[in-house]
Amino acid sequence: MSLIEPDLEKQLQQIQRGTAEIIPENALVEKLKKSIKNNKPLTVKLGLDPTAPDIHLGHTVVLQKLRQFQDLGHQIIIILGDYTGRIGDPTGKSETRKQLMTAELMENAATYQQQIYKVLDAEKTKIVFNSEWLAPLTFEQAINLASKYTVARMLERDDFQKRFKTNLSIGIHEFFYPLMQGYDSVALKADIELGGTDQKFNLLMGRHLQKEYHQEQQIAVMMPILEGLDGTNKMSKSLGNYIGIDEPPHEMYGKIMSMPDQLMLRYFELVTSESVEEIARIATGLQDGSRHPRDIKMRLAREIVSIYHSVQAAKQAEEHFKQVFQQHKNPDEMPVFKITGAVIEDGKVVLPKLLATAKLVSGTSEARRMVKQGAVRINGVVVEDVNLRFVPEPETIIKVGKRKFIKLQAP
RNA sequence: GGAGGAGUUCCCGAGUGGUCAAAGGGAUCAGACUGUAAAUCUGACGGCUAUCGCCUUCGUAGGUUCAAAUCCUACCUCCUCCA
């Protein structure tokens, strides 16, 4: 059993760092005091909706906060919302979400478990499925649960309200989502529930229900929502503006370098463990021009890759980036493509077919398009002929666009 | 239960018999520039094809027509209103 960090101030500071809101803050202090006094860890809960098979940096904002709780000695519990997932969280949605099939949910859940341990300490993490207590509820119990909240209050939620006002449909079952999530807190007797700011309603529902069921109320700790690579929308798999924590170092590094400059500080704050003071220094440096945005961004990329891979992998990714994008040189390593009969005609390699077969482009039409746009180079020379046929020399290097390379190998 | 509306290319969204591979925006990709795969500007953006060409696409299945995303029939899905 790990010990609880005895310094209240230290705990508070750690918990508050980066948070958007804590409701209510004074109750948190009380809980912490009690926990320290009895050396009894607080139960910290996070619900994950297993709809996305890949965890991305957006999820890690909350996970990292959980990790901090772990390090402070508290017990964290991850709830995989296999049962709630059947409804789909209506939060922020303008339309009813489709319900996922159980098999699909289970598969996603398994992936989640693999991935969250890149941030969390596996030894100290408890994972539960909420079907455990939600599935056995009788209809009567479900009705009882539903009676603990009113339609009017439910409609206060702005996503429901918007849909209601604009005559978009709201399924009755969607009202159950917050109720069920709140009931999770009752089932676990949670002390703290973590979530993004978009989860405010659901987190508060937990407090409400706990009160109804005569329990001590949990504290809602909310983290800001991380913007995705486009700089405006929240990071999400479905918007394609995400960085998955499973992605290879090169990819991750490159994606970070491609984010809008204005997003950098946000990432420092929410996905790295850089101190608040240092982030402030960086901000000043950027503002007065004493620091170069590119260098700051590279540092950010280095730090993030280090977290999810290693310091060394980060260095390599950086070298690769410099070489390919700053000096426009070929990378040290590139995929090798063995020439096959399919791309040869009359003893010559047909370029469009080659590009398509090597998956450098999606098809021969796109291959021709790329050549037309001057995006294709053979050994550094821009190709002009859309339908080029050629006999490759050994070690011929083909480049498409800025970042796709292959090295040809004779059959 | 009754009445009405909608389903278009990755997304949003125009298009109501030929001039439609289908406006516009977004996303994406490429080129230029650069400080980076930022920003900005320009261009491309169904597939196949050694340029004129061919094939597939507008919810699904049929039909009318020389010709349909556009008209008709049935079906599926979604939405709204009345009860």
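FYI, side chains are in, hydrogens and waters are out, and symmetry mates aren't considered; it's all heavy atoms of this structure. Here is the naming used below: chain letters follow the sequence lines, and residue numbers restart at 1 for every chain.
Residue pairs meeting the ring-ring contact (aromatic ring centres under 6.0 Å, His included) criterion with at least one partner in residues 383-411 of chain A, sequence neighbours excluded, are absent. Sorted by first then second residue, the ring-ring contact (aromatic ring centres under 6.0 Å, His included) pairs that include residues 315-335 of chain A, not counting sequence neighbours, are A/His250-A/His320, A/Tyr253-A/Phe321, A/Phe321-A/Phe325.
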Short heteroatom pairs, N/O only, protein and nucleotides 23-27 of chain B, under 3.5 Å:
none

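Within 4.0 Å (heavy atoms only), A/Met259 reaches sugar-phosphate atoms of the nucleic acid but no base atom. At the heavy-atom level, A/Gln262 lies nowhere under 4.0 Å from the strands shown. The residue A/Lys402 sits close only to the backbone: its heavy atoms come under 4.0 Å of sugar-phosphate atoms, none of a base. Among the heavy atoms of the strands lying under 4.0 Å from A/Pro260 are primed sugar atoms or P, OP1, OP2 only; no base atom is included. Nucleic acid contact class of A/Met370 (heavy atoms, under 4.0 Å, all strands): sugar-phosphate only.
Taking A/Gln323 as the reference, A/Lys329, A/Asp332 meet the side-chain contact (heavy atoms from CB on, under 4.5 Å) condition, with sequence neighbours excluded. Under the side chain to side chain donor-acceptor pair (under 3.5 Å) criterion, A/Asp184 pairs with A/Asn130, A/Trp133, not counting sequence neighbours.
Among A/Gln11, A/Glu5, A/Lys124, the one residue that satisfies the side chain to side chain donor-acceptor pair (under 3.5 Å) test with A/His74 is A/Gln11. If you run side chain to side chain donor-acceptor pair (under 3.5 Å) between A/Glu193 and each of A/Gln181, A/Gln210, A/Gln199, only A/Gln181 comes through.
Distance A/Phe325 CZ to B/rG31 P: 11 Å, rounded to the nearest Å. The nearest whole Å value for the distance from the NZ atom in A/Lys372 to the P atom in B/rG43 is 16 Å. Summarising the geometry, the separation between CG on A/Asp261 and P on B/rG35 is reported as 12 Å, rounded to the nearest angstrom. The interatomic distance linking A/Leu286 (CG) with B/rG35 (C1') rounds to 12 Å, in whole Å. We find that NE2 of A/His328 is positioned 9 Å from P of B/rC33, with the value rounded to whole Å. Straight-line distance from the NZ atom of A/Lys399 to the P atom of B/rA30: 10 Å, rounded to whole Å. Between A/Asn233 atom CG and B/rU28 atom C1' there is a gap of 15 Å when expressed in whole angstrom units. One interatomic measurement links the two molecules: CE of A/Met257 to P of B/rU34, which rounds to 17 Å at whole-angstrom precision.
For the residue pair A/Glu21 and A/Thr197, no side-chain donor N or O sits within less than 3.5 Å of a side-chain acceptor on the partner. A donor atom on one side chain and an acceptor atom on the other are found under 3.5 Å apart for A/Asn202 and A/Arg157.
The gap from the C1' atom of B/rU80 to that of B/rA27 amounts to 31 Å, rounded to the nearest Å. Here the separation of B/rG62 from B/rC52, taken at their C1' atoms, is 36 Å to the nearest Å. The gap from the P atom of B/rG31 to that of B/rG18 amounts to 40 Å, rounded to the nearest Å. Here the separation of B/rA22 from B/rU28, taken at their P atoms, is 24 Å to the nearest Å. Using P as the reference atom, B/rU70 and B/rC78 are 23 Å apart when rounded to the nearest Å. Between B/rC29 and B/rG4, the distance separating the two C1' atoms is 43 Å to the nearest Å. Look at the C1' atom in both B/rU49 and B/rA37: the space between them is 33 Å, to the nearest Å. Spacing of C1' atoms, B/rG13 relative to B/rU8, comes out at 9 Å, to the nearest Å.
When both pairing distances are held under 3.5 Å, B/rA14 makes no Watson-Crick or G-U pair with any nucleotide shown. Across all strands shown, B/rA3 forms a Watson-Crick or G-U wobble pair with B/rU80, both key distances being under 3.5 Å. Searching all strands for a Watson-Crick or G-U wobble partner of B/rA69 with both distances below 3.5 Å returns nothing. In this structure, B/rG43 forms a base pair with B/rC29, meeting either the Watson-Crick or the G-U wobble geometry with both donor-acceptor distances under 3.5 Å. Using N1 to N3 plus N6-O4 or O6-N4 for Watson-Crick, or N1-O2 and O6-N3 for G-U wobble, each under 3.5 Å, B/rU57 pairs with nothing.
OP1 or OP2 of B/rU36 has at least one side-chain nitrogen or oxygen of A/Arg294 nearer than 4.0 Å.
A distance of 13.0 Å separates NZ of A/Lys404 from CD1 of A/Ile398, quoted to the nearest 0.5 Å.
Nearer to the 5' terminus of RNA chain B, by closest-nucleotide assignment, is the contact made by A/Arg377 (compared with the other of A/Arg377 and A/His320). Where A/Lys404 and A/Lys255 meet RNA chain B, the nucleotide closest to each residue was compared, and A/Lys404 sits on the side nearer the 5' end.
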Q: Please lay out, stage by stage, how A/Ser185 and A/Lys45 fare under the test side chain to side chain donor-acceptor pair (under 3.5 Å).
A: CA-CA 8 Å; A/Ser185 295; A/Lys45 160 205 177 202; 2.5 Å; yes
Q.
I need a per-nucleotide contact map over nucleotides 44-56 of chain B, read 5' to 3'. Cutoff is protein heavy atoms under 4.0 Å; write B for the base, S for backbone only, - otherwise.
A. SS-SBBB------
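A cation-pi contact, defined as under 6.0 Å to the ring centre and within 45° of the axis, is absent between A/Lys189 and A/Tyr213.
The shortest side-chain heavy-atom distance between A/Val44 and A/Asp191 does not fall under the 4.5 Å cut-off.
With hydrogens and angles ignored, no donor-acceptor pair under 3.5 angstrom links the side chain of A/Asp295 to the base of B/rG35.
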